[in-house]
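First up is the structure itself, then whatever we jot down about it.
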2 protein chains.
Amino acid sequence: MAAWRAFLMAHARIARALEAELQAEQGMSLADYEVLLQLARADERRMRMSEIADRMILSRSGATRVVDRLERSELVRRISCESDRRGAWAQLTDAGYRRLRGASPTHLRGVARHFWDKIPADELDRLRESLESVAEECPRD
Amino acid sequence: MAAWRAFLMAHARIARALEAELQAEQGMSLADYEVLLQLARADERRMRMSEIADRMILSRSGATRVVDRLERSELVRRISCESDRRGAWAQLTDAGYRRLRGASPTHLRGVARHFWDKIPADELDRLRESLESVAEECPRD
DNA sequence: GGTGTATGATTGACTTCGCAACTATACCAC
DNA sequence: GTGGTATAGTTGCGAAGTCAATCATACACC
């Protein structure tokens with residue numbers, strides 16, 4: 001049980017610290033950052049709404065609202081899907097890409113300081129494996 | 001970086017699953033459960049508001065509101081502090097204790113199924129150590 | 001003892017997110 | 001094609017949490 005509490009504790013503290021740093025230095029939320037990052041890595045820098053929801057572990061309405069916000073800041077644009085007219089793509093704009101690149105040093109430094117650096121390298125790898133298997137087998141909705 | 005993403009992923013999925021199960025079977029949120037649990041373990045089953053905020057990694061106003069909710073359900077009562085009249089205790093009521101005991105099997109089963117059981121016992125221990133050190137050294141506000 | 005600052009808790013305004021309901025489109029069966 | 005069901009996304013509403021401001025009390029210093 002101690003491991004579980006440590007897990008919750010670590011998550012809460014790190015997430016809060018990263019959020020605060022990103023907000024202070026870059027005026028961006030962690031959620032927004034993560035979405036921009038996923039989009040930047042995606043093919044043609046675009047993803048379907050539901051894909052965003054899945055990767056972010058967000059409800060579908062949650063995805064709608066994140067993209068709403070990002071679209072208002074012109075970091076992302078919506079493109080309706082040709083092949084399935086119910087669907088929509090969210091695509092990273094150039095401004096969005098620049099914004100992401102601008103913010104990433106802050107984020108990477110934060111993750112390093114609060115997470116990587118505290119964990120021995122060999123343990124980091126085992127930890128990744130364990131957590132991946134935990135996430136993998138967890139009910140997907 | 002993969003370790004960090006796995007960490008986020010695992011947290012999001014497990015927390016969501018536990019929340020859903022607890023809500024479905026016991027009509028209780030995870031946040032409320034955790035507060036009741038901390039209170040049950042505390043001396044005289046009571047804690048100061050700010051202590052609750054710290055342990056839950058919540059803002060002070062957040063703590064006020066959780067206790068508001070629990071007080072409305074009569075699972076907790078507020079007692080003004082004798083020695084520092086600005087302060088307040090939140091104390092678990094008997095009903096609150098029964099509610100906690102009623103809900104704990106659901107929660108424990110969930111943590112076991114989604115977390116413990118997926119991680120080899122020896123790794124679980126190393127993981128706890130790593131995460132504790134991570135949480136420990138994280139800026140406390 | 002009076003003044004100034006720090007601290008515990010609460011409140012109001014706001015943001016974010018989930019659920020349930022809804023719309024629009026796709027797909028399947030006949 | 002028509003009807004029924006499933007899926008993609010959005011929207012209204014409510015729940016929960018934050019920040020900044022506020023109030024009351026404590027504490028320190030002169």
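Nothing here was measured: the structure is a model prediction, and the numbers come from that model.
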Select base, sugar-phosphate, or nothing to describe what [X] touches, counting heavy atoms under 4.0 Å on all strands.
{"X": "A:R48", "value": "sugar-phosphate"}
{"X": "A:T64", "value": "base"}
{"X": "A:S50", "value": "sugar-phosphate"}
{"X": "A:A63", "value": "nothing"}

**Residue met sooner reading DNA chain C from 5', once A:S29 and A:D84 are mapped to nucleotides** = A:S29

**Item:** Contact nearer the 5' end of DNA chain C, comparing A:V66 with A:S83
**Value:** A:V66

Send over the distance from [X] [atom1] to [N] [atom2], rounded to a whole Å.
{"X": "A:D68", "N": "C:dT15", "atom1": "CG", "atom2": "P", "value": "14 Å"}
{"X": "B:E71", "N": "C:dT10", "atom1": "CD", "atom2": "C1'", "value": "13 Å"}
{"X": "A:E82", "N": "C:dA24", "atom1": "CD", "atom2": "C1'", "value": "17 Å"}
{"X": "B:R69", "N": "D:dG17", "atom1": "CZ", "atom2": "P", "value": "5 Å"}
{"X": "A:L58", "N": "D:dT10", "atom1": "CG", "atom2": "P", "value": "13 Å"}
{"X": "A:R60", "N": "C:dA24", "atom1": "CZ", "atom2": "P", "value": "19 Å"}
{"X": "A:M49", "N": "C:dT23", "atom1": "CE", "atom2": "C1'", "value": "16 Å"}
{"X": "B:E51", "N": "C:dA9", "atom1": "CD", "atom2": "P", "value": "9 Å"}

Would you kindly check whether a donor in the side chain of [X] faces an acceptor in the base of [N], or vice versa, at under 3.5 angstrom?
{"X": "B:S59", "N": "D:dC19", "value": "no"}
{"X": "B:R16", "N": "C:dG18", "value": "no"}
{"X": "A:R85", "N": "C:dT25", "value": "no"}
{"X": "B:R65", "N": "D:dT18", "value": "yes"}

Carboxylate-amine/guanidinium proximity below 4.0 Å for [X] and [Y]:
{"X": "B:D68", "Y": "B:R78", "answer": "yes"}
{"X": "A:R5", "Y": "B:E132", "answer": "no"}
{"X": "A:E123", "Y": "A:R126", "answer": "yes"}

**Request:** Kindly say whether A:A2 contributes a backbone atom to a donor-acceptor pair with the side chain of B:R128 at under 3.5 angstrom?
**Result:** no

**Request:** Please state whether the rings of B:F7 and A:F7 are parallel, tilted or perpendicular, taking 30° and 60° as the class boundaries.
**Result:** perpendicular

**Message:** Which nucleotide wins on minimum distance to the side chain of B:S61, given the candidates D:dT18, D:dG17, D:dT25?
**Reply:** D:dT18

